[in-house]
Enquirer: 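Sharing a structure here in structure tokens format.
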Amino acid sequence: MSVNRHQQLRQLPSVDALLSSMQDELAQWGHAQLTRAISQQLSELRAEITAGNTPGISPEGIRQSVVAALTERSNASLIPVFNLTGTVLHTNLGRANLPEEAINAIRKVAAGASNLEYDLESGKRGDRESHVEALICEMTGAEAATAVNNNAAAVLLVLNTLAMGHKVPVSRGELVEIGGSFRIPEVMSRSGAILVEVGATNRTHLKDYRSVIDDDTALLMKVHTSNYTVEGFTACVSEPDLAALAREYQLPFVIDLGSGNLVDFEALGLPAEPTAAEALANGADLVTFSGDKLLGGPQAGLIAGRADLVAMIKKNPLKRALRLDKMTLAALAEILKLYRNPEQLTCKLPTLRLLTRNPADIRAQAENLLFRVARCLDTRYRVSVADCLSQIGSGSLPVETLPSAALKIEPLSGKDSELRELAEQLRRLPMPVIARLHRGALWLDLRCLEPEHEAAFASQMEALVP
Ligand SMILES: *Cc1c(COP(=O)(O)O)cnc(C)c1O
């Protein structure tokens with residue numbers, strides 16, 4: 001090693017010297033964290049010097065690097081983004097956006113003690129689900145209800161409670177995989193239930209179910225094929241027919257609705273989606289559905305139906321492992337209360353507000369933003385307003401799309417690499433912008449850019465350095 005390098009290494013300030021010159025930082029970050037960051041910085045500098053480089057080693061320079069490293073480390077990892085993918089309920093982007101009512105309710109119970117499991121009348125222990133059960137019953141017409149961590153947990157709990165060690169026939173056309181990690185056959189086996197495949201992928205008949213029912217059958221189950229459709233030569237058994245067959249054999253009939261929904265979507269101008277009330281009226285003994293799909297609430301799984309079955313579910317020890325926390329319960333209660341006034345839903349509930357946005361309004365918004373966005377992109381790109389189709393997402397109404405409008409960004413060179421570069425730049429913004437790469441263009445579908453966030457979006461784009 002050259003004399004010069006030895007000299008440089010010797011000139012590095014000591015940890016103690018740096019520490020004593022950083023009293024404010026010491027108060028802010030604490031001794032242990034600050035010492036670790038300084039040591040880390042010094043060992044990086046030592047490695048650089050040893051490698052033959054000549055990094056700056058002034059105490060002030062080192063201090064700045066230490067502060068930068070600590071600040072970077074303390075930045076939140078989970079942060080808000082602009083969802084301009086055109087998929088309203090985007091699982092990877094957190095699904096439903098909550099309304100103010102739900103957020104306020106979360107804030108209140110999060111900050112202090114609450115009557116989560118405390119009956120204020122009697123002064124005795126209460127039931128955490130009492131805060132949502134009556135509301136779920138009110139909205140679905142069910143006798144009883146409960147709620148757990150998500151719909152996957154709801155399905156697991158129902159099967160484990162009612163079918164552990166016993167057979168559950170399910171149509172081959174309904175053995176779905178949702179989002180890669182939830183597959184009906186796998187959840188079924190983890191629940192301890194034994195899957196009996198019924199019929200064929202495209203066609204299942206009532207006689208197919210009848211032929212597999214035996215003494216060991218625990219229940220009949222129907223799964224909403226949320227994220228795909230079987231088209232062409234198809235047949236499936238209707239809910240009322242399957243319910244009648246279940247009654248004939250005195251078996252519970254369970255429907256996993258997937259997204260589930262509480263209001264008439266067609267009345268809102270959206271594609272029809274079965275409601276939980278309809279499924280129960282069609283003879284289901286239990287239905288399960290998600291809290292954060294079309295319902296528009298927090299992540300949760302709702303179970304509604306016959307009181308005796310719900311009581312068994314509540315007694316299952318697994319229920320404790322899958323139960324909801326107070327913040328989710330508080331938010332869910334507020335969401336369910338919004339459903340008492342269906343006329344206001346498309347204004348008050350963000351999910352339904354976004355799904356029912358008028359395409360003409362979205363286009364006007366795009367035209368409004370066109371100049372500002374075009375101006376801040378460098379000369380390699382052309383920006384235009386284009387019609388596009390949004391998706392509902394989360395496996396809800398898979399083949400249905402909603403007319404929308406986008407800022408369409410194309411590279412003048414026609415090179416996809418330039419688009420990917422821009423997409424990456426957008427993802428690195430303080431509030432990352434998530435767009436969709438499609439057919440040689442980057443599409444910024446504005447359906448989910450609510451007017452009150454428009455200004456923040458535009459000024460962030462203007463800060464893009466080409
Ligand atoms: C989405 C879905 C699930 C899983 O629901 P999560 O709330 O995401 O756990 C289960 N079954 C069906 C049919 C679904 O569509």
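Order of listing sets the numbers, starting from 1, for every ligand and every atom in it. Quantities reported herein were computed from a predicted structural model and do not represent experimental measurements. Starting from 1, each residue takes its place in the sequence as its number. Only this structure's heavy atoms are used, side chains among them; waters, hydrogens and symmetry mates stay out.
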Enquirer: Taking only distance into account, with no hydrogens and no angle test, what donor-acceptor pairs under 3.5 Å do side-chain atoms of residues 360-368 form with protein atoms, sequence neighbours excluded?
Expert:
unit_1	atom_1	unit_2	atom_2	d
Arg363	NE	Asp387	OD1	3.3
Arg363	NH1	Glu367	OE2	2.9
Arg363	NH2	Asp387	OD1	3.3
Gln365	OE1	Arg357	NH1	3.2
Gln365	OE1	Arg357	NH2	2.7
Gln365	NE2	Leu449	O	2.8
Gln365	NE2	Glu454	OE1	3.1

Enquirer: Checking the N or O distance criterion of under 3.5 Å, is ligand 1 in contact with Lys293?
Expert: yes
Enquirer: Check each atom of ligand 1 against the heavy atoms of Ala152 and keep those under 4.0 Å away; list them by number with element.
Expert: 4 (C), 5 (O), 6 (P), 9 (O)
Enquirer: Not counting sequence neighbours, list each pair that qualifies as a salt bridge (Lys or Arg N to Asp or Glu O under 4.0 Å) and has a residue in residues 89-107.
Expert: Arg95-Asp292, Glu101-Lys348
Enquirer: Using a 4.0 Å heavy-atom cut-off, say whether Arg95 meets ligand 1 through its side chain, its backbone, both or neither.
Expert: side chain
Enquirer: Quick check on Val155 - does any of its heavy atoms sit under 4.0 Å from an atom of ligand 1?
Expert: no
Enquirer: Looking only at N/O atoms, are Ala300 and ligand 1 under 3.5 Å apart anywhere?
Expert: no
Enquirer: Between the candidates Ile255, Asn149, Asn151, which shows the shortest non-hydrogen contact distance to atom 5 (O) of ligand 1?
Expert: Asn151
Enquirer: Under a 4.0 angstrom heavy-atom cut-off, which atoms of ligand 1 come close to His224?
Expert: 13 (C)
Enquirer: Could you work out, for atom 6 (P) of ligand 1, the closest of Gly258, Ser290, Gly291 by heavy-atom distance?
Expert: Ser290
Enquirer: Going by the atom numbers of ligand 1, which of them fall below 4.0 Å from some non-hydrogen atom of Phe182?
Expert: 10 (C), 11 (N)
Enquirer: So, for Gly173 and Thr225, which heavy atoms are closest and what is the spacing to 0.1 Å?
Expert: O-CG2, 3.3 Å
